[in-house]
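What follows is a short report on a single structure.
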Amino acid sequence: MDRGNALRRPSTLTMSLLKRILVCCLLLTLNVPSLSVASSAKEVYDLVILNGRVMDPESKVDALRNLGISGGTIKVVTGNHLNGRTVIDARGLIVSPGFIDLHQHGQDEENYRFKVMDGATTVLELEVGTGDIDRWYAQREGKALINYGVSVGHLAARMAAMREPITFLPSGEAALRAATDVEIIEMKQILEQGLKRGAVAVGFGIQYTPNASHWEILEMFRVAARYGASCHVHMRNAGVKEPASSIQALEEIIAAAAITGAPLHVVHIQSTGGPATPKLLQMISEAKSRKLDVTTECYPYIAGMTDIKSAIFNEGWQEVFGIDYKDLQWAATGERLTKESFAEYRKTGGMVAVFSMTEEIVAGALKSPLTMIASDGILEKGKGHPRTAGTYSRVLGKYVREQGALTLMDALLKMTLMPAQRLEKRVPSMRNKGRIRIGADADLTIFDPQLVIDKSTYQEPAKYAEGIRFVIVNGVTVVKDGQLQSGVYPGRPVRAPF
Ligand SMILES: [Zn+2]
C-alpha cells in the first residue's frame with residue numbers, strides 16, 4: 001500500500017490495524033504449538049534453519065526438520081517450509097542443542113572463541129568458582145560470545161578467610177593448614193552471600209586444600225543444601241592407593257550429600273579416579289539407587305592439567321598417580337620434565353599436563369550412562385590443555401564416529417540435556433537450554449558428523465576444532481560456515497534467581 005492510498009482511506013487502514021492487533025492478541029493468548037505451526041507458513045522468522053537432521057535428546061527426535069527462530073527463541077520445529085530474514089541451509093548437517101560445559105575455567109574472550117568453535121554455547125566455571133559473584137558477572141555483561149555462569153567457590157572463600165590474596169588455586173596458608181572455627185564461620189558466610197547473589201552452585205577443590213577437615217567440608221555442604229545448590233567437587237584424593245584413595249574421597253562427599261541433602265556433582269571422575277574409575281562409577285550408580293542426587297562428568301583425554309605449585313604435587317605424588325617425572329609435560333614449552341626441571345618449575349609455578357590415564361579408562365568413562373561431558377578447560381595466551389578447544393569435537397569425531405564407543409544421540413545427551421538438568425532446580429532458566437523445542441532458547445550447534453574433529457594438541461592447544469559449521473547463541477549466529485563472526489556478543493548470564 002502506497003502512502004497516497006492510505007491517506008485517502010483512513011478508516012479501512014484503522015480497521016485493518018485493529019484486526020491485526022486482535023489476531024496478535026489471540027495468538028499471544030493461545031500460544032500453543034499447533035497454532036505456531038499453522039501460522040508458520042506465512043510468518044517470516046528472524047532466522048530459519050532448513051533441511052538439517054535435528055537431534056533432540058529430550059524428545060528423542062532424530063529427523064529432518066526446519067526450525068524458525070525469532071527474538072532469540074525457537075518458535076517452530078516443523079517438517080514444513082519456513083521463511084526467514086536469514087536462512088541457514090543445514091542439509092547434511094546435524095542440528096543439536098548447543099553444548100553446555102559445566103566445567104570451564106577460562107572465562108574470557110580468548111577462551112570463549114575456542115569454546116564456541118568447539119560447539120559450546122554455555123560455559124560455566126563451577127569447580128573453582130569465585131568469591132565475588134556480582135563482580136564476576138559484571139565483568140562479562142554485554143561482552144560475551146556465549147552464555148556464562150559461575151559458582152561460589154570454597155577455595156576462594158578459604159583464601160579470603162585466611163587473608164591471603166585470592167588466586168586461581170591456593171598455594172599459601174589456604175593450601176597448607178587446617179582452618180579455625182572462626183575461619184570456617186567466615187567461609188560459610190562467603191558461600192551464603194554468593195548464593196544469595198545468584199551463584200549457580202558451590203565449587204570445591206578439596207585436593208588443593210588437603211588440610212580442610214571433613215567437618216569443614218560438611219559445613220560448606222550444609223550451606224549449599226539450604227539453597228538447593230549442587231556441590232561441584234574435585235575430590236580430596238586421586239588414584240587407587242589406600243587408604244587415601246579416590247574411593248575414600250568419593251565416600252566422603254557421597255556421605256556429605258546424604259548427611260546434608262545437598263546435590264552432588266563429582267568433577268572429572270576419570271582423571272581423579274584413574275584405574276579406580278569403574279569402581280567410582282559403580283558407587284555413584286549405587287548412591288543414585290538410594291535416591292541420592294549424585295551426578296558426574298568426564299573429559300576425553302588421557303592427561304589432566306594443573307598448577308605445578310598446587311598440593312597435588314606434594315610428597316608422594318608419583319605413587320598416588322602411578323607415574324613419574326617423564327609423565328609430566330610443561331605446558332609453556334611442551335617439554336617432558338625431569339627431577340631437576342620439576343624442582344625448578346615448582347618454585348615458579350605454571351601449568352603442567354599429567355599423563356595419568358589410559359585410553360581404556362577414558363573410553364569406559366565416556367560410555368557410562370552416568371557421565372556428562374565437561375572440558376575442565378583453560379587457555380592463557382594460547383597455552384594450556386587441548387581439552388579447552390577440542391573436548392566436544394573429539395568426543396563426536398574420535399569416540400562416536402571413529403570408534404563407535406557411544407551413539408551420536410547418547411553423546412549429545414551428555415553435552416546438552418544432562419548438564420541442563422543438573423542445574424535446572426536451582427537455575428530454572430536452564431529448563432530452556434539443552435533442548436530443541438518450541439520456547440527453548442535458540443542456542444544451537446550445527447555440525448558435519450562426517451568431518452567434526454578436534455585439532456588441538458598438547459603441543460598446539462590453541463587450534464580450533466573442525467566441522468562445527470554454525471553456532472547460534474540466543475538466536476545470533478556466532479559461527480557461520482565454520483568461521484567465527486566478529487562484533488557479536490549475544491552471551492547472557494546463567495544465574496540463579498536472586
Ligand atoms: Zn579439578
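Atoms within each ligand, like the ligands themselves, are counted from 1 in listed order. Predicted model only: the values in this text are computed from it and were never measured.
- Closest N/O/S atom of His234 to the Zn ion (ligand 1): ND1.
- In this structure, OG in Ser213 is found 4.5 Å from CD1 in Ile184, a value given to the nearest 0.5 Å.
- Here the OG1 atom belonging to Thr295 is positioned 6.5 Å from the NZ atom belonging to Lys288, to the nearest 0.5 angstrom.
- Taking backbone and side-chain atoms together, Asp376 has no N/O/S atom less than 2.8 Å away from the Zn ion (ligand 1).
- At least one N, O or S atom of His268 sits under 2.8 Å from the Zn ion (ligand 1).
- Of the inter-residue distances, the one linking Leu396 atom CG with Asp454 atom CG reads 10.0 Å to the nearest 0.5 angstrom.
- No other N/O/S atom of Glu127 lies as close to the Zn ion (ligand 1) as OE2 does.
- Using a 4.0 Å cut-off between a side-chain N of Lys or Arg and a carboxylate O of Asp or Glu, Arg435 and Asp56 do not qualify as a salt bridge.
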